[in-house]
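Source: prediction; values computed, not measured. Every chain is numbered from 1 and lettered A, B, ... according to where its sequence line falls, protein lines coming before strand lines.
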2 protein chains.
Amino acid sequence: MSSGASIVIMATQQRRERERAQRETLIVNAAREMAEADGWPSVTVRKLAERIEYSQPVLYSHFAGRGAIVDAVALQGIAELTEVFKKARAAAEPGGEVAAVAQAYLDFASANPALFEAIFTLAEGLPFGADAPEVLKAAFAELYAVFAPLAGDRDPDAFTEVGWAAIHGLAALGRDGRLRPDLLEKRLPILLDLFTRP
Amino acid sequence: MSSGASIVIMATQQRRERERAQRETLIVNAAREMAEADGWPSVTVRKLAERIEYSQPVLYSHFAGRGAIVDAVALQGIAELTEVFKKARAAAEPGGEVAAVAQAYLDFASANPALFEAIFTLAEGLPFGADAPEVLKAAFAELYAVFAPLAGDRDPDAFTEVGWAAIHGLAALGRDGRLRPDLLEKRLPILLDLFTRP
DNA sequence: TAGGAAATCTAGCGTTGCTAGGAACATGAA
DNA sequence: TTCATGTTCCTAGCAACGCTAGATTTCCTA
């Protein structure tokens with residue numbers, strides 16, 4: 001076997017992996033779009049397979065099952081959310097970082113309800129403790145960056161978690177129509193006032 | 001037809017309605033227990049029917065479908081939550097009402113995770129706006145009673161919603177293991193400090 | 001006790017997530 | 001170019017799901 005042949009073999013394998021990776025993102029994107037269009041219950045393995053023009057077993061060669069696809073969408077969403085945080089914080093004027101990030105959080109939730117649902121109520125295979133994926137730690141780090149400076153003498157991690165929870169509560173309850181729409185614009189200022197008051 | 005006969009007929013009908021009501025609570029309780037034991041996905045109509053020792057169509061003579069059963073469990077849970085609020089507020093020492101109710105909320109969520117899930121992420125048939133069921137308004141009224149006095153010059157309704165959202169966020173994120181367990185006891189004091197500080 | 005209404009069950013439809021087994025394909029050697 | 005090989009993919013089908021039509025049994029009234 002010549003060395004030229006082995007190079008060809010490797011290149012072939014790499015191309016296959018590339019194609020597989022492409023198809024994998026194709027699946028994830030399709031699932032996300034379908035969920036955002038008609039809700040997660042209508043994202044069935046059959047419809048997903050038809051959409052990407054492959055048979056069902058192909059999906060199972062990429063993911064362990066339907067749940068794993070949802071998890072993949074959630075992970076993608078978390079990465080996007082982190083980017084949104086970064087941009088909001090960068091664009092904020094000094095002292096307004098919390099407001100910018102909080103508003104970004106709420107905007108993200110209302111703009112991508114299905115994605116939000118995947119991240120916070122559907123994803124079940126994502127580890128969240130010490131061995132959480134990197135994107136997840138990055139997302140929390142963004143929140144930490146804006147909340148920790150306001151912690152004062154309290155534990156900055158706990159303080160960040162409380163801040164996150166408060167915003168998240170607004171987003172979650174608001175998404176399900178459990179908060180009065182006419183008070184929408186009053187809620188965030190109140191929350192920010194509580195957190196930024198000296 | 002004698003008047004005595006019509007009385008018997010009415011009594012019979014009332015007995016039937018009573019029995020129907022009994023069976024309905026039997027269904028709801030069974031669903032709740034099964035959900036709390038093995039999670040909501042394992043609460044299938046078939047297993048539920050087997051559990052109450054009736055055939056499946058009987059369930060559909062009581063509820064429009066599986067979703068309506070979940071809604072009924074959620075409604076029962078909201079009523080219980082309201083009672084928990086009432087007791088917590090009554091037992092609290094002056095000035096500690098918010099702390100008592102907030103702690104009760106978190107305890108309720110961790111003690112009845114499936115019920116909590118039914119109320120906040122599964123129930124879809126429950127109206128939440130102006131024409132919400134009475135128990136739901138009562139639950140919010142309890143929260144209003146403890147938060148509104150702290151609103152100051154802010155809208156008391158919006159302030160209550162923010163308070164609710166903050167506690168709810170802690171409960172929701174905590175339930176899914178998204179918050180650090182070792183900071184559990186630090187979070188609520190921080191939150192209460194934010195809301196009760198003058 | 002007979003007749004009719006009400007309650008209940010049997011059986012089955014369409015859809016779901018998932019998988020076993022075989023067909024079709026690309027690949028590398030002769 | 002041709003053939004064996006290994007990979008990729010699809011067809012077909014299983015068990016379980018929510019739900020419902022129609023037969024059957026049970027109960028009440030007269």
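- Of the listed nucleotides (dC18(C), dC9(C), dC10(D)), dC18(C) has the atom at the smallest distance from the side chain of R66(A).
- Atom NZ of K47(B) is separated from atom P of dA15(D) by 17 Å (rounded to the nearest Å).
- Heavy atoms of R23(A) sit under 4.0 angstrom from primed sugar atoms or phosphate atoms, though from no base atom.
- Atom P of nucleotide dG18(D) and atom CH2 of W40(B) are separated by 12 Å, given to the nearest angstrom.
- W40(A) places a side-chain N or O within 3.5 Å of a backbone atom of A114(A) that can act as its donor or acceptor partner.
- If you check dG17(C), dC19(D), dC9(D) against the side chain of S55(A), the one that comes closest is dC9(D).
- Atom-to-atom, CD1 of I52(A) to C1' of dC9(D) comes out at 12 Å; the value is rounded to the nearest Å.
- With hydrogens and angles ignored, the 3.5 Å screen pairs no side-chain donor or acceptor of D176(B) with any backbone N or O of R178(B).
- Of the residues near DNA chain C, V45(A) and R20(B), the one whose nearest nucleotide (by heavy atom distance) lies more toward the 5' end is R20(B).
- Rounding to whole angstrom units, CG of residue L59(A) and P of dC10(D) are separated by 10 Å.
- Comparing dC10(D), dC14(D), dT10(C) by their nearest atom to the side chain of Y54(A) picks out dC10(D).
- Counting only distance, with no hydrogens or angles, the side chain of Q76(B) and the backbone of V28(B) share no donor-acceptor pair below 3.5 Å.
- Distance NE2 (H62(A)) to P (dG17(C)): 18 Å, rounded to an integer number of Å.
- Remark: R175(A) is not positioned above the aromatic ring of F116(A), lacking an NZ or CZ atom under 6.0 angstrom from the ring centre and at most 45 degrees off the axis.
- Side-chain proximity of R46(A) to the nucleotides dC14(D), dC9(D), dT19(C) is greatest for dC14(D).
- Evaluation of atom-type donor-acceptor distances gives no pair under 3.5 Å for the side chain of Q56(B) against the base of dC9(C).
- Here the C1' atom of nucleotide dA6(C) and the CD atom of E19(B) are 13 Å apart, to the nearest Å.
- The separation between E50(A) atom CD and dT15(C) atom P is 12 Å, rounded to whole Å.
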